[in-house]
Each structure stands twice: as structure tokens, then as C-alpha cells.
Trainee: 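Supplied in C-alpha cells, the structure appears directly below.
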Amino acid sequence: MKYGFEIAFVLVLAIIFVSETISAKLKGKVPALFLMTVITLIGYWTVIPMDIVEVSGLSAVKNIMMMIILIHMGTLLELEQLKREWKTVVIALAAVVGIAAIFLSIGGMLLGDKLLSLTAIAPLAGGGMAGILTSQALTNGGFTDLAVWPILLITLQGFVGMPIVAFLVRGEMRDLLAKVRRGELKHPKDVQAASDASQKTKLIDKLPALYKTPAFYFLILAILGTLNLALYVNVTSKIPYVSLMMDKSIMALVIGVVLGNLGLLDKGVMSKTMSSGILDISFYAYIMTFLTGASIATIKAMLLPLVLTFVMATIGIGVFSWIVGRGVGYSARMAMAVGYNCYLGFPFNYMITKEAARAVAGSPEEEEILFDTLLPTMLIAGFICVTIVSVLMAGVLSAMI
């Protein structure tokens with residue numbers, strides 16, 4: 001069935017609205033992101049065309065918004081904060097080691113196929129780029145019938161990861177909320193207020209307030225996003241090896257980190273654009289485009305290997321994250337939430353953290369404190385697992401096929 005722009009746009013928004021409403025009714029126990037994924041897949045398998053996001057016009061918004069959002073996220077990651085989050089980095093790396101350990105040891109025996117086990121590691125440790133690289137390696141190696149395997153893993157890992165991470169994050173949020181109400185936890189901005197006051201005035205602060213409109217901030221972000229894409233297409237993507245490690249998403253995040261720390265962009269610059277609604281919608285549209293490759297037939301054919309794979313990966317991530325997390329002083333729940341970012345990464349971890357804060361908090365002020373306290377940890381965990389380590393692993397393991 002074909003739809004015009006208007007109907008396609010309405011349907012996409014309706015799927016998002018229904019998902020958020022059901023999640024709210026269930027007090028956030030079932031993430032809206034998970035519900036949206038299920039509804040979208042059922043729709044793709046029945047009456048909704050695969051190109052609905054394209055037809056709705058949201059694909060164009062998604063393309064530029066994702067670069068803008070990543071630059072925005074970069075401004076939130078201060079260098080001092082990255083140093084403070086070294087424990088998160090260690091736990092994230094331990095989670096990846098857990099995946100590799102279990103699949104390089106008993107994975108081949110349990111799956112009955114060493115190649116399936118080997119090619120599961122990088123996709124499970126990260127996101128789309130790792131899966132695509134692995135799939136391409138299988139195709140180049142003549143294993144065209146297995147090329148769908150990594151794609152299935154990256155398509156379905158959210159079904160496993162979203163409920164687990166949502167449960168863990170909500171529990172951690174409840175503990176943080178208790179601290180907020182006892183006065184033991186303040187907003188991260190308040191904690192840094194004294195040190196910020198002693199710092200030199202940022203260059204962006206010298207710009208007259210007259211010019212600091214939502215259009216101004218959107219313009220700056222759009223220019224940076226466009227320049228980033230142009231630099232990646234014309235320069236970075238053509239440099240061997242560097243192109244594997246410096247995806248355009250990593251470059252956008254780096255731009256945000258550098259400009260934010262130099263004082264050329266406001267911290268959390270996206271909030272200056274007053275675009276929270278379109279931000280969330282573009283996230284969901286972005287995710288919906290990843291679900292088109294999961295047909296009923298392909299899922300049925302690899303159902304048992306998929307189940308065994310996710311069981312093994314979940315155990316490996318959980319055990320290694322818990323052990324290392326306890327060693328560096330994290331709660332078991334928070335350590336595993338960090339580790340299971342392997343299944344999610346950005347933007348999934350962002351949305352789940354946002355949903356958890358909204359579900360647990362008793363006021364907008366509490367929601368903001370909870371969200372801003374936990375978000376940097378989740379972003380850094382996803383950045384380490386999904387964006388960097390998994391891609392590097394995909395390159396190494398592809399050479400072994």
C-alpha cells in the first residue's frame with residue numbers, strides 16, 4: 001500500500017504518540033522506544049510501506065538533525081568530565097571483553113558454527129557500522145547466505161537491551177531521586193557553578209544577547225553539521241583505516257567536544273534552539289529506518305542461533321560489567337547498565353535515560369537533575385562501546401573471515 005506525504009507523516013507521528021502514551025500508562029515499565037519498535041515492525045510486516053519515513057519527509061529532517069544532535073551531545077562532554085568518567089570507560093571496555101571471551105571460547109560449540117560465533121562479536125559490541133562491516137566481510141568471503149546474520153543482530157539487539165537497560169536505569173534513578181530529596185545530590189550545573197564562575201568568559205558569552213535566538217543557534221549547528229559531512233565525504237572517508245575509525249558520527253561528536261571546551265559553543269547548545277519536540281521525533285524516525293531489514297522469514301530461519309547468541313552475550317556483558325564495576329566502586333545495577341550500552345548506544349541510551357527520568361521524577365526540576373546526572377555516563381558508555389571499540393573490532397575480526 002502506498003501513502004502520500006500527509007498520510008505517511010500522520011502515521012509516523014501516530015506510532016510515536018501511541019508508543020509514548022502506552023509507556024506513560026505503564027509508568028515507564030515498558031519503554032516507549034521498545035513499543036515503537038514492535039509497532040513499527042508489525043506495521044512493516046502488514047500494511048505500512050518500508051519507505052514511510054522517506055515519504056513522510058522526516059528522513060530529510062533526520063539526516064541533518066542527527067549530525068546537529070551529535071554536535072550538541074559533544075558540548076555536554078567536558079574534558080574534565082571525561083577524566084572523571086574513567087570508571088565508565090573501564091566498565092564499557094570490560095563489557096566488550098565479556099562478549100569476546102564467551103564467543104571466542106564456547107560460542108562456536110554452542111552455536112554449532114564458529115563463523116557465526118566469530119561474526120557475532122563486533123555487532124553485539126556495537127551498532128550499525130560494526131554490523132555493516134562484518135556483513136560486507138562475509139559477502140567478500142563468499143558467505144553470502146550468512147551476510148544477513150550481523151544485520152539481524154544489530155536490528156534485534158534493541159529488543160534485548162532496551163527492557164534490560166530501562167529496568168536498570170529506572171532503579172538507579174530511584175536511588176538518585178532519594179538522594180536529591182535528602183539534599184545529597186544537586187544538579188551537575190550547580191556543582192560546577194563555583195568553578196565555572198572562576199573561569200574566563202567564554203567567547204560565545206561575548207556575543208550580544210540580541211543575536212542569540214533559536215534561529216541563530218540552529219544556523220550555527222546546521223553549518224557545522226554540513227561542514228562535518230563535507231569533510232567526511234571529501235577527505236576522511238578516502239583515507240585508509242582512518243575512515244573506519246573516524247565515522248562521520250564520531251567526527252560530529254568530536255566537533256562538539258572541541259568547540260564546547262574552547263568556549264565557541266554553549267554547553268547543551270541544543271536547548272537554545274527550543275526544539276525538544278522535533279528532536280524526539282527525529283530520533284524515533286531515525287530508529288524506524290533501521291527496522292526495514294528484519295522480515296519474518298529471515299528472523300524465523302535464524303531464531304534459535306539468535307536466541308542462544310543473545311543469551312550468551314547478555315551473560316558475558318553482565319558478569320564482566322558487574323565484576324569490574326564492583327572493583328571500581330559502581331553499584332551492580334549501574335555497572336550493568338553501562339555494560340549493556342553495547343546493545344544500545346546513541347540515540348537509544350539517550351531516549352531511555354530521558355524516559356526513566358520522566359517516569360521516576362516527581363517534578364520537572366527533579367527530572368532535569370536525574371537526567372543531567374546520569375546522561376553523561378550513558379553517553380560515554382555508548383560512545384566507547386558502539387562508536388569506537390566495536391568498529392575497531394569489526395575491522396580486526398573481518399580479516400579473520
Trainee: Got a sec, which residues hit side chain to side chain donor-acceptor pair (under 3.5 Å) with S331, two or more places apart in sequence or on another chain?
Mentor: E172
Trainee: How far apart are the closest heavy atoms of L177 and A361, and which atoms are they?
Mentor: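 Residues L177 and A361, closest heavy atoms: CD2-CA, 4.5 Å.
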Trainee: Stepwise, does the side chain to side chain contact (heavy atoms under 4.5 Å, CB included) test hold for W86 with V328?
Mentor: CA-CA 10 Å; W86 68 268; V328 299; 4.2 Å; yes
Trainee: Is the backbone of L116 close enough, under 3.5 Å, to the side chain of W149 for a donor and an acceptor to pair up by distance?
Mentor: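 Pair found, side chain donor or acceptor close to backbone of L116.
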Trainee: May I have the step-by-step check of side chain to side chain contact (heavy atoms under 4.5 Å, CB included) for L265 and I71, ending in yes or no?
Mentor: CA-CA 10 Å; L265 280 180; I71 294 171; 4.0 Å; yes
Trainee: With no hydrogens and no angle check, is any side-chain donor or acceptor of N349 less than 3.5 Å from a backbone partner on N341?
Mentor: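 Pair absent, no side-chain N/O of N349 close to backbone of N341.
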Trainee: Could you check whether any side-chain heavy atom of E355 comes within less than 4.5 Å of a side-chain heavy atom of R358, counting everything from C-beta outward?
Mentor: yes
Trainee: Taking the six-membered ring where the residue is Trp, are the ring centres of Y350 and F371 under 6.0 Å apart?
Mentor: yes
Trainee: Quick one: pull up CG in L374 and CG in L176 and give me the separation to the nearest 0.5 Å.
Mentor: 6.0 Å
Trainee: Got a second to check how far L219's CG is from Y211's OH, nearest 0.5 Å?
Mentor: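 That separation rounds to 14.0 Å.
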Trainee: Is Q157 reaching over with its side chain to a backbone N or O of P123, donor-acceptor style, under 3.5 angstrom?
Mentor: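 Yes, the answer is positive, given that a donor and an acceptor are paired below the 3.5 Å cut-off.
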Trainee: List in chain and number order the residues that pass side chain to side chain donor-acceptor pair (under 3.5 Å) with D51, two or more places apart in sequence or in another chain; answer none if no residue qualifies.
Mentor: none
Trainee: In the structure I gave you, are the side-chain heavy atoms of M312 and L111 within less than 4.5 Å of one another anywhere?
Mentor: yes
Trainee: Apply side chain to side chain contact (heavy atoms under 4.5 Å, CB included) to M378 and M334, showing your working.
Mentor: CA-CA 10 Å; M378 298 298 284; M334 192 64 233; 4.0 Å; yes
Trainee: Is it true that, when you exclude I7 itself, more than 12 heavy atoms of the residues, nucleotides or ligands shown sit nearer than 6.0 Å to its CD1?
Mentor: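 No.
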Trainee: Any salt bridge between R181 and E366, counting N to O under 4.0 Å?
Mentor: yes
Trainee: Quick one: closest heavy-atom pair of S117 and G108, and the distance?
Mentor: OG-N, 3.3 Å
Trainee: Work out which heavy atom in C342 is nearest to a heavy atom in I317; give both atom names and the distance.
Mentor: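 Distance-wise, the nearest heavy atoms are CB-CD1, 4.1 Å.
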Trainee: For T314 and Y340, which I'm curious about, is there any donor-acceptor pair between the side chains at under 3.5 Å?
Mentor: no
Trainee: Check T353 against M173 and note the closest heavy-atom contact, atom names and distance.
Mentor: O-CE, 3.5 Å
Trainee: For residues 9-22, dump all side-chain donor-acceptor pairs below 3.5 Å to protein atoms at least two apart in sequence or in another chain.
Mentor:
residue : atom : partner : partner atom : Å
S19     : OG   : I15     : O            : 2.7
S19     : OG   : M36     : N            : 3.3
T21     : OG1  : F17     : O            : 2.8

Trainee: What distance separates L35 CG from M162 CE, expressed to the nearest 0.5 Å?
Mentor: 9.0 Å
Trainee: Going by the rule side chain to side chain donor-acceptor pair (under 3.5 Å), which residues pair with N261 if we only count those two or more places apart in sequence or in a different chain?
Mentor: none
Trainee: Locate the shortest heavy-atom distance separating Y44 from P49; write the atom from each residue and the value.
Mentor: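 In terms of heavy atoms, the two residues are closest at CE2-O, 3.6 Å.
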Trainee: At what distance, to the nearest 0.5 angstrom, does OG1 of T75 lie from CG of L262?
Mentor: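 If we round to the nearest 0.5 Å, T75:OG1 and L262:CG are 12.5 Å apart.
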Trainee: Do S321 and Y330 have a side chain donor and acceptor closer than 3.5 Å?
Mentor: no
Trainee: Would you find more than 12 non-hydrogen atoms of other residues, nucleotides or ligands less than 6.0 Å from K114 atom NZ?
Mentor: no
Trainee: Run the side chain to side chain contact (heavy atoms under 4.5 Å, CB included) check on L104 and L118 step by step: do they pass?
Mentor: CA-CA 7 Å; L104 291 175; L118 180 67; 4.1 Å; yes
Trainee: What pairs with T377 under side chain to side chain donor-acceptor pair (under 3.5 Å), at least two apart in sequence or on another chain?
Mentor: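 Once residues adjacent in sequence are excluded, the partners of T377 under the side chain to side chain donor-acceptor pair (under 3.5 Å) criterion are E85.
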Trainee: Quick check: do D266 and Y217 have side-chain heavy atoms less than 4.5 Å from each other?
Mentor: yes
Trainee: Identify, with sequence neighbours excluded, every residue that meets ring-ring contact (aromatic ring centres under 6.0 Å, His included) alongside F218.
Mentor: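 Not a single residue meets the ring-ring contact (aromatic ring centres under 6.0 Å, His included) criterion with F218.
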Trainee: Taking all non-hydrogen atoms of both residues, which atom of I102 and which atom of G316 are closest, and how far apart?
Mentor: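 Smallest interatomic distance, heavy atoms only, reads CD1-N, 4.4 Å.
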Trainee: If you measure from CG on L259 to CG on L224, what distance do you get to the nearest 0.5 Å?
Mentor: 6.0 Å
Trainee: Any chance you could measure L93, atom CG, to T88, atom OG1, to the nearest 0.5 Å?
Mentor: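 Separation between the atoms: 11.0 Å.
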Trainee: Report yes if some heavy atom in the side chain of E367 is under 4.5 Å from a heavy atom in the side chain of V360; otherwise report no.
Mentor: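 No - every pair of side-chain heavy atoms lies 4.5 Å or more apart.
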